[in-house]
Amino acid sequence: MTDKEKENPQETDIRSKPTKSDEKLEANTIEYKEKQGILSKEEKDELHTSLESTGSAGDGTAPSPEQSASAAGTGESAPETPASGAAQRPDANRAAARSTAAAEAGGTASAAVSGAAPTEGAAAEDGGDKAKAAAEARAARAAARAAKTAAPAEDAPPKPPSPNQPLLERLVEILKGEVAENAVDEAFINEIDGHRPFVVIRGEHWVRAAEVFLQHEELQCGYLRSVSGVDLGSQLEVVYHLLSIPLRKEYGVRVRTEREAPFVPSVASVWPTADWNEREIYDLLGIDFPGHPNLTRIMMPDEWVGHPLRKDYEAYDPEV
């Protein structure tokens with residue numbers, strides 16, 4: 001014994017006693033050797049002696065590592081103690097819970113798969129029903145339109161007369177009485193233009209009709225609002241808009257002429273404002289106005305070929 005051991009005999013006694021960790025290490029070593037089949041005869045005897053001294057595992061204590069090793073070496077299952085059973089139950093419970101969860105998940109997935117097809121089928125069927133209903137609605141609307149178009153005109157309610165219809169009838173009566181019986185070719189109400197009364201007058205009677213429009217006490221059209229030329233394709237036309245300021249009445253006049261060598265008598269002597277308007281129509285449409293004081297081009301150069309507002313106009317220089 002060394003001097004240090006003499007001085008601290010208690011410390012030496014503690015060091016000489018095996019600790020729990022040493023015992024556990026030794027038990028693990030024996031258990032390992034038992035499993036590998038390399039346990040010596042002396043170690044086997046020591047293992048059995050230890051088991052006999054500790055008693056069976058039925059006294060409520062957990063089996064020692066040697067008991068587990070002995071049970072493993074002999075091929076017999078170690079007796080289950082309350083402690084060991086309690087330790088094993090959570091693992092078993094967890095395993096059972098995992099199995100149950102897996103089964104439920106599998107059932108849910110199966111149900112989802114089995115239910116997906118009906119859902120998609122129902123959606124497809126629903127979409128087909130909607131498409132069919134939309135097609136039927138379109139067919140019904142088309143049939144209604146066709147029936148409405150094919151309905152005879154007498155089934156429609158009579159159109160109410162224009163508020164200016166009496167004014168138009170009186171205008172025709174005045175022109176036929178003051179100008180000529182055949183002075184008016186056509187008379188109608190232009191509903192789009194505020195129900196304006198319109199008359200189509202023959203060219204040879206136009207100057208006299210213009211004087212009646214200006215001088216007649218029931219007309220008094222002293223203001224020529226506008227004059228414009230129109231290419232109708234087979235014919236050319238000049239349109240006049242007249243206004244009676246004292247009577248607050250408006251009229252429209254159309255004078256038509258043939259396409260070849262077209263002409264309309266000038267009314268610049270009746271309404272001086274027709275001067276430049278007739279020159280513009282002559283320039284752009286080529287309509288001659290006999291009786292005009294100065295019928296020359298007003299927009300295009302004098303050497304210009306053709307009349308640009310005609311539908312059959314071909315530009316002499318396409319780049320211009």
Side-chain angles (χ1 to χ4, degrees), residues 158-295 309-310:
K159 193 173 183 180
S162 170
N164 287 336
Q165 186 65 34
L167 190 63
L168 176 64
E169 295 174 356
R170 179 56 183 161
L171 173 63
V172 173
E173 183 181 351
I174 292 173
L175 292 175
K176 286 184 177 182
E178 297 289 335
V179 180
E181 188 66 27
N182 64 345
V184 179
D185 277 341
E186 185 181 350
F188 60 92
I189 295 291
N190 190 345
E191 297 181 359
I192 299 177
D193 192 15
H195 289 265
R196 186 192 304 271
F198 254 92
V199 290
V200 179
I201 298 180
R202 290 177 179 267
E204 61 269 25
H205 300 298
W206 171 225
V207 177
R208 174 58 187 153
E211 293 173 350
V212 171
F213 269 107
L214 177 63
Q215 299 169 2
H216 197 279
E217 61 181 6
E218 294 185 35
L219 301 177
Q220 300 184 35
C221 295
Y223 180 49
L224 179 61
R225 173 171 286 179
S226 67
V227 184
S228 58
V230 183
D231 187 349
L232 301 177
S234 60
Q235 290 181 314
L236 299 179
E237 182 180 77
V238 181
V239 183
Y240 303 82
H241 286 84
L242 307 174
L243 173 63
S244 173
I245 296 177
L247 303 178
R248 297 184 179 181
K249 296 178 182 178
E250 297 185 35
Y251 300 94
V253 177
R254 295 184 180 184
V255 182
R256 293 168 182 168
T257 181
E258 298 298 327
R259 192 173 189 84
E260 299 297 329
F263 72 94
V264 173
S266 174
V267 289
S269 60
V270 180
W271 296 292
T273 54
D275 188 338
W276 282 20
N277 289 326
E278 290 178 351
R279 287 180 61 186
E280 180 181 4
I281 295 170
Y282 164 77
D283 190 359
L284 300 179
L285 284 170
I287 299 177
D288 189 15
F289 288 92
H292 192 281
N294 183 28
L295 193 61
L309 289 187
R310 281 205 179 192

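Nothing here was measured: the structure is a model prediction, and the numbers come from that model.
Remark: Asn277 pairs with no residue by the side-chain hydrogen bond (donor to acceptor under 3.5 Å, both in side chains) rule, at least two apart or across chains.
One distance of note links CD of Glu237 with OG of Ser228; it measures 8.5 Å at 0.5 Å rounding. Within the model, atoms CG of Asn164 and CD of Glu191 stand 10.5 Å from one another, a figure rounded to the nearest 0.5 Å. Rounded to the nearest 0.5 Å, atoms NE2 (His205) and CG (Leu175) are 11.0 Å apart. Distance check: Leu168 CG to Ile189 CD1 gives 4.5 Å after rounding to the nearest 0.5 Å. Here the straight-line distance linking atom OG of Ser266 with atom CG of Asn294 works out to 11.0 Å at 0.5 Å rounding. The distance from atom CG of Leu171 to atom NZ of Lys176, rounded to the nearest 0.5 Å, is 11.0 Å.
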* **side-chain contact (heavy atoms from CB on, under 4.5 Å) assessment of Asp288 paired with Leu295** => CA-CA 8 Å; Asp288 189 15; Leu295 193 61; 2.9 Å; yes
* Could you please spell out the steps behind the side-chain contact (heavy atoms from CB on, under 4.5 Å) verdict for Glu178 and Arg208? => CA-CA 9 Å; Glu178 297 289 335; Arg208 174 58 187 153; 4.2 Å; yes
* **Derivation of the ring pair (Phe, Tyr, Trp, His ring centres under 6.0 Å) call for Tyr240 and Trp206** => CA-CA 11 Å; Tyr240 303 82; Trp206 171 225; 4.7 Å; yes
* Asked: Going through the distances and angles, do Glu211 and Leu214 end up as a side-chain contact (heavy atoms from CB on, under 4.5 Å)?
  -> CA-CA 5 Å; Glu211 293 173 350; Leu214 177 63; 5.7 Å; no
* Verify side-chain contact (heavy atoms from CB on, under 4.5 Å) between His195 and Asn190, making sure each step is shown before the conclusion. => CA-CA 5 Å; His195 289 265; Asn190 190 345; over 6 Å; no
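The number of heavy-atom neighbours closer than 6.0 Å to CD of Gln235, taken from other residues, nucleotides and ligands shown, is above 12. Heavy atoms of other residues, nucleotides or ligands lying less than 6.0 angstrom from CG of Leu232 number more than 12.
The nearest pair of heavy atoms linking Val199 to Ala187 is CG1-CB, 4.2 Å. Residues Gly203 and Pro265 come closest through the heavy atom pair O-CG, 3.3 Å. The two atoms that bring Pro262 and Arg310 nearest to each other are CG-NH2, 3.4 Å, heavy atoms only. Of all non-hydrogen atoms in Phe213 and Leu219, the two that sit nearest each other are O-CB, 3.6 Å. Minimum heavy-atom separation, Asp275 to Pro293: OD2-CG, 4.2 Å. For Glu218 against Leu247, the heavy-atom pair with the smallest separation is O-CD1, 3.4 Å.
With a 4.5 Å cut-off on side-chain heavy atoms, Asp185 and Arg202 count as touching. No side-chain heavy atom of Arg254 sits under 4.5 Å from any side-chain heavy atom of Glu186. Using a 4.5 Å heavy-atom threshold, the side chains of Glu278 and Val267 count as touching. Between Trp276 and Arg279 the shortest side-chain heavy-atom distance falls below 4.5 Å. Looking at Leu309 and Asp231, their side chains never come closer than 4.5 Å, going by heavy atoms from C-beta outward.
Note on ring orientation: taking the six-membered ring where Trp is involved, the planes of His241 and Phe198 are perpendicular (angle over 60°, cut-offs 30° and 60°).
A donor-acceptor pair under 3.5 Å links the side-chain atoms of Trp271 to the main chain of Cys221, judged by distance alone. In this structure, the side chain of Arg259 does not engage the main chain of Leu236 through any donor-acceptor pair within 3.5 Å. Side-chain N or O atoms of Ser244 include one that pairs as donor or acceptor with a backbone N or O of Gln220 at under 3.5 Å.
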